[in-house]
Protein chains: 2
Amino acid sequence: MRRIVPDRDQLLGIVAEVFREHGYEGASLALIGEATGLGKGSLYHFFPGGKEEMARAVIAHIDGWFEDNVFAPLRDSTDPLAGIEQMLEATDSYFRSGRRVCLIGAFALDESRDLFAGQIRDYFGRWVTHLADALARSGHRPDEAGELAEEAVAAIQGALTLARAANDLDVFSRALRRARMRLGLPAKI
Amino acid sequence: MRRIVPDRDQLLGIVAEVFREHGYEGASLALIGEATGLGKGSLYHFFPGGKEEMARAVIAHIDGWFEDNVFAPLRDSTDPLAGIEQMLEATDSYFRSGRRVCLIGAFALDESRDLFAGQIRDYFGRWVTHLADALARSGHRPDEAGELAEEAVAAIQGALTLARAANDLDVFSRALRRARMRLGLPAKI
DNA sequence: GACTCATTGTACCGATCGGTACAATGTCGG
DNA sequence: CCGACATTGTACCGATCGGTACAATGAGTC
C-alpha cells in the first residue's frame, strides 16, 4: 500500500494546515482525511484520542518548531540583536510573509481555547519571555524590555489578522519592518 | 407569550456573543436558540437566510456600533487628538478591557473569512483609514500617519489575542497605554 | 366576534458530525 | 512459510448539524 504521508512530521504539517484554514470546529475528520489521504482507521490508529489529540499534537509540533527556530536563537545567541534578527526572519518564513495564519492564535480566540489553554499560554508566554530576555541583554531596562517584547509579539499577531482581513501581504511585511525598528535593529537587513 | 429578547438590537448583541465565543462553525443554532430563548421558528422568521444571514447581520451591527462610537469621533472631532482619545476609550469599553474578543477579527482568521470577506475588509479598512486621517490632521506626514494607524489597529487586535491566550487582562490595558503613547496622546487620561 | 398577519413550538428532513468495531491486508523477523 | 504486529478500508453507531413545513397561538383592527 502506498503511503501518501511518509512520516509523522509531514502528517502533522498537513493536519495543521487543515486546522489553520477551518479552525478546530470546522476541521472535520472528513477534511483531515481528505487532506492527508488517510482514512479514519489510520487517523485513529495514529491518534487514538481522536480530534483533540490531533490538535494537541499539532500544537506541540508547532511549539517545537518555534522552540528550535525562534526561541532558541533568542536564548542562545551571544549577540542578542542577532538572535532577534533570526527570530524575525524565522517568523516571516513560518507565516509565509503573511499568507499563513497563526493556528495557536486562532485557537486562543474561540472556545477551543479552553481545551488547549495550557499549551496556548505556554507558547505565547515563552515567546514574550525569551524576547524580553534578549532585549534586556541588549541593554534595555527589564520593564521596558518586557513591554517591548509584548508589543512586538502582539504586533505580529495583529498584523496576521489585518493582513488576512485586507487580503494584503504588505500589511504583514510592514509590521515586521516596524518591529525591527522598535526592537533596535538596523532598518535594512 | 413573553418575549425574552425585546428588540433587534438586543437580539443581535446576544447572537454576536455566541459567535464570539464559539466561532462561526461552532455557533450552532441550538446554542443560538438557547442563548436568545428563541426557537428555530423565530430565528428563521427574523433571519430567513439562516445562520449566514445572522452572521452578516451581527457583523453589520458591530460595524454600525464602531461607525457611531469609534469612526465618527475620529472623523468629526475638531481636535483630532480628542477624537483619537475617544476612539481608544470606546475601544476599551467595547472589548471590556480585554474580556471580549473581536468577532470580526476571529472571522478573518478561518475559512468563514471567505463568506464575509467584503464586510471584514471594509470594517478594518475604515478603522485604519479614519485613524490615519485623524493622525494626518494632527500633524503627521501622510505616510507616517498610515503606518501609525495600521500599527495601532494591529496592536489592538494582537493584544486581544495575547490577553486571551495569557488569560491576563493587563495585557490589553498595557497595549492601549502604549497605543496612546505612540499616537501622541498624553500618558495619563 | 372575525379577519389579518406576525410570531412561535414542534416535528421532521437528509447530511454530516466524531467515534467505534473489525476484518482484511501489509510488513517483516524468524 | 509463519506468526506477530502495524496499518488500513469499510460499515456502522447515536448525536447533532442547518434547514423546512406547518399548524397553533399572539396581538391588533375592523
Side-chain angles (χ1 to χ4, degrees), chain A residues 1-59 103 106-107 110-116 119, chain B residues 1-59 103 106-107 110-116 119:
Chain A
M1 175 64 56
R2 307 281 295 122
R3 283 291 301 277
I4 298 183
V5 173
D7 58 30
R8 184 177 165 91
D9 241 45
Q10 218 168 329
L11 174 60
L12 286 176
I14 298 177
V15 177
E17 216 56 51
V18 181
F19 277 123
R20 234 187 295 272
E21 284 173 23
H22 301 87
Y24 182 69
E25 298 280 341
S28 68
L29 292 183
L31 282 171
I32 296 173
E34 189 185 345
T36 59
L38 296 177
K40 289 189 180 185
S42 307
L43 288 174
Y44 273 84
H45 174 73
F46 293 122
F47 306 100
K51 193 171 163 179
E52 187 177 328
E53 183 180 339
M54 296 180 210
R56 253 176 237 290
V58 160
I59 296 177
L103 188 158
F107 276 12
D110 61 35
E111 58 159 0
S112 54
R113 188 203 73 137
D114 300 333
L115 272 175
F116 313 114
Q119 288 178 283
Chain B
M1 174 63 56
R2 305 281 295 120
R3 283 293 301 278
I4 298 183
V5 174
D7 57 31
R8 182 175 168 94
D9 241 45
Q10 218 169 328
L11 173 60
L12 286 176
I14 297 177
V15 177
E17 216 57 50
V18 180
F19 278 122
R20 233 186 295 272
E21 285 173 22
H22 301 87
Y24 182 69
E25 297 280 343
S28 68
L29 292 183
L31 281 171
I32 296 173
E34 191 185 343
T36 58
L38 296 178
K40 289 189 178 185
S42 306
L43 288 174
Y44 273 83
H45 174 73
F46 293 123
F47 306 100
K51 193 171 163 178
E52 186 175 330
E53 184 179 338
M54 295 180 211
R56 253 177 237 291
V58 160
I59 296 176
L103 188 157
F107 276 12
D110 62 34
E111 59 160 359
S112 53
R113 189 203 73 135
D114 300 334
L115 272 175
F116 313 114
Q119 287 178 283

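Throughout, protein chains are lettered first and strands after them, A, B, ... in sequence-line order, and every chain is numbered starting at 1.
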- Query: Under 4.0 Å: is that the gap between some side-chain N or O of A/His45 and OP1 or OP2 of D/dT7?
  - Reply: yes
- Query: salt bridge (charged side-chain N to carboxylate O under 4.0 Å, His left out) with B/Arg113: which residues, sequence neighbours excluded?
  - Reply: none
- Task: Check the surroundings of atom CD in B/Glu53: do more than 12 heavy atoms from other residues, nucleotides or ligands lie under 6.0 Å from it?
- Result: yes
- Item | Parallel, tilted or perpendicular, as decided by the 30° and 60° cut-offs, for the rings of A/Phe107 and A/Phe116 | parallel
- A/Tyr44 OH - C/dG19 P separation (whole Å): 3 Å
- Would a 4.5 Å heavy-atom cut-off, applied to side chains only, mark A/Tyr24 and B/Glu25 as touching? no
- Integer-rounded Å distance: D/dG19 P and B/Phe46 CZ: 17 Å
- Return the value, rounded to whole Å, for the distance between atom CG of B/Leu43 and atom C1' of C/dT7. 12 Å
- Does B/Ile32 reach the side chain of B/Phe47, with side-chain heavy atoms less than 4.5 Å apart? no
Measure all distances between protein nitrogen or oxygen atoms and nitrogen or oxygen atoms of nucleotides 13-17 of chain D, and list the pairs falling under 3.5 Å.
from, atom 1, to, atom 2, distance (Å)
D/dC17, OP1, B/Ser28, OG, 3.0

- May I have the distance from B/Leu38 (atom CG) to C/dT10 (atom C1'), rounded to whole angstrom? 15 Å
- Message: If you define the side chain from C-beta out and look only at heavy atoms, does anything of A/Arg56 sit under 4.5 Å from A/Gln119?
- Response: yes
- Check the distance between C/dT7's P and B/Asp7's CG and give it to me in whole angstrom. 13 Å
